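Working notes, beginning with the structure itself.
These values consider heavy atoms only, across backbone and side chains, with no hydrogens, waters or symmetry-generated copies. Quick caveat, the model's predicted, so the values are computed rather than measured.
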Amino acid sequence: MQEFSVVSLILNASLVVQLVMAGLVLTSVLSWALIFNKIGTLRRAKRDSESFERAFWSGSDLNRLYEEASRNNARGSMESIFQAGFAEFLKLRGRPGTELSDIMDGSRRAMRASAQRELDELESHNAFLATVGSVSPYVGLFGTVWGIMHAFIGLGNAGQATLATVAPGIAEALIATAIGLFAAIPAVIAYNRFATDVDRLATRFDTYMEEFSNILQRLATR
């Protein structure tokens, strides 16, 4: 009697179905590696932003914070925004005859550009997770359809329709759908979670830029 197990069904599957399964498994492995990497990246971004905000709002001297940020190459996202905005502020403020509006506009542009670069970095590879989440079920379904078609062709050639003859082919085909779902579900969950985290950081950056702009405006009028 033929043994039915996941391993035996995969090994006995047609070449096309095996290729589909192998591609989905590889995609799943890449997705999980990316997920763990993104978790660490977003945690560091939130931790560094919180640490910098505590230092910023503790009343520390802005020139000293700027020197530390420049010396450390702005380790955090919010620190990078501060460094870009304050550097532009100091440069424009040192130019004779520069209007206050020009100083503030230049500082805001520098901060917005830095914030966008940080957000682009935090959002990197999110498109891959979205693609995996949306495409993997269809790839698995393709493997299932191909496997069932192959099973029925073999059944037609055998000339005897019994459950024992058709079941292995259908079972091995359905495994492709299961692997597709296994690859897609974590990718969708992770994408939604990461998108939410990035949106929260973006809102946090916007709030900080507005508050820092007010501080720079008060400094410029002294």
Side-chain angles (χ1 to χ4, degrees), residues 3-52 72-81 112-151 167-206:
E3 179 184 358
F4 287 93
S5 67
V6 174
V7 175
S8 64
L9 290 173
I10 292 174
L11 293 177
N12 293 322
S14 64
L15 178 61
V16 174
V17 177
Q18 287 180 339
L19 290 175
V20 168
M21 292 178 183
L24 290 172
V25 170
L26 177 60
T27 300
S28 180
V29 171
L30 293 175
S31 296
W32 279 106
L34 179 59
I35 287 170
F36 286 119
N37 181 67
K38 293 286 289 185
I39 289 174
T41 300
L42 289 171
R43 282 181 177 174
R44 284 193 300 272
K46 288 186 283 188
R47 184 177 62 247
D48 292 342
S49 295
E50 291 171 357
S51 176
F52 176 76
N72 298 329
N73 292 322
R75 292 172 295 185
S77 299
M78 196 169 290
E79 192 174 25
S80 298
I81 296 171
R112 282 196 295 269
S114 177
Q116 189 59 54
R117 285 193 297 270
E118 295 297 324
L119 291 174
D120 289 342
E121 181 67 24
L122 293 174
E123 290 177 338
S124 62
H125 305 302
N126 273 10
F128 175 77
L129 292 176
T131 302
V132 171
S134 60
V135 173
S136 292
Y138 296 103
V139 175
L141 183 60
F142 167 76
T144 297
V145 171
W146 186 275
I148 291 176
M149 181 183 67
H150 186 266
I170 295 177
E172 71 189 26
L174 292 174
I175 293 176
T177 297
I179 297 176
L181 294 174
F182 178 79
I185 292 173
V188 171
I189 294 173
Y191 172 80
N192 291 333
R193 174 62 185 274
F194 296 155
T196 301
D197 289 344
V198 172
D199 286 342
R200 288 175 179 173
L201 283 171
T203 301
R204 197 169 185 173
F205 293 164
D206 288 338

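Between F205 and I81 the shortest side-chain heavy-atom distance falls below 4.5 Å. Using a 4.5 Å heavy-atom cutoff, the side chains of R204 and M78 are in contact. Using a 4.5 Å heavy-atom cutoff, the side chains of D48 and E79 are not in contact. For the pair T41 and R44, the minimum side-chain heavy-atom distance is below 4.5 Å. Within the 4.5 Å cutoff, the side chain of F142 has heavy atoms near those of the V16 side chain.
Between the CD1 atom in I175 and the CD atom in Q18 there is a gap of 11.0 Å [rounded to 0.5 Å]. Once rounded to the nearest 0.5 Å, the distance linking CG of L201 with NZ of K46 reads 7.0 Å.
Among residues two or more places apart in sequence or in another chain, the side chain to side chain contact (heavy atoms under 4.5 Å, CB included) test is passed with Y138 by none. By the ring pair (Phe, Tyr, Trp, His ring centres under 6.0 Å) test, F36 pairs with W32, sequence neighbours left out. By the side chain to side chain contact (heavy atoms under 4.5 Å, CB included) test, I185 is found to be paired with L181, I189, residues two or more places apart in sequence or in another chain being considered. Among residues two or more places apart in sequence or in another chain, the side chain to side chain contact (heavy atoms under 4.5 Å, CB included) test is passed with R117 by A113, S114. In this structure V188 satisfies the side chain to side chain contact (heavy atoms under 4.5 Å, CB included) test together with N192, sequence neighbours excluded.
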If you look only at distance, which donor and acceptor atoms sit under 3.5 Å apart when one is on a side chain in residues 119-132 and the other is two or more places apart or in another chain?
unit_1, atom_1, unit_2, atom_2, d
D120, OD1, Q116, NE2, 2.9
S124, OG, E121, O, 2.7
T131, OG1, A127, O, 2.8

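The heavy-atom pair separating L24 from A176 by the smallest distance is CD1-O, 3.7 Å. Nearest heavy atoms, F194 versus I35: CZ-O, 3.6 Å. The heavy-atom pair separating P137 from G133 by the smallest distance is CD-O, 3.6 Å. Across T27 and S136, no two heavy atoms sit closer than the pair CG2-OG, 4.4 Å. Of all the heavy atoms in S49 and A45, the pair that sits closest is OG-O, 2.8 Å.
Pairs engaging residues 174-188 under the side-chain hydrogen bond (donor to acceptor under 3.5 Å, both in side chains) rule: T144-T177 [sequence neighbours left out]. Evaluation of the salt bridge (Lys or Arg N to Asp or Glu O under 4.0 Å) test over residues 179-194, restricted to residues two or more places apart or in two chains, returns R193-D197. Residue pairs satisfying the salt bridge (Lys or Arg N to Asp or Glu O under 4.0 Å) criterion with at least one member in residues 135-150, sequence neighbours excluded, are absent.
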Checking side-chain contact (heavy atoms from CB on, under 4.5 Å) for the pair V20/I179: CA distance, chi angles, key distance, verdict?
CA-CA 9 Å; V20 168; I179 297 176; over 6 Å; no
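Remark: F52 CZ is packed, more than 12 non-hydrogen atoms of other residues, nucleotides or ligands lying under 6.0 Å away.
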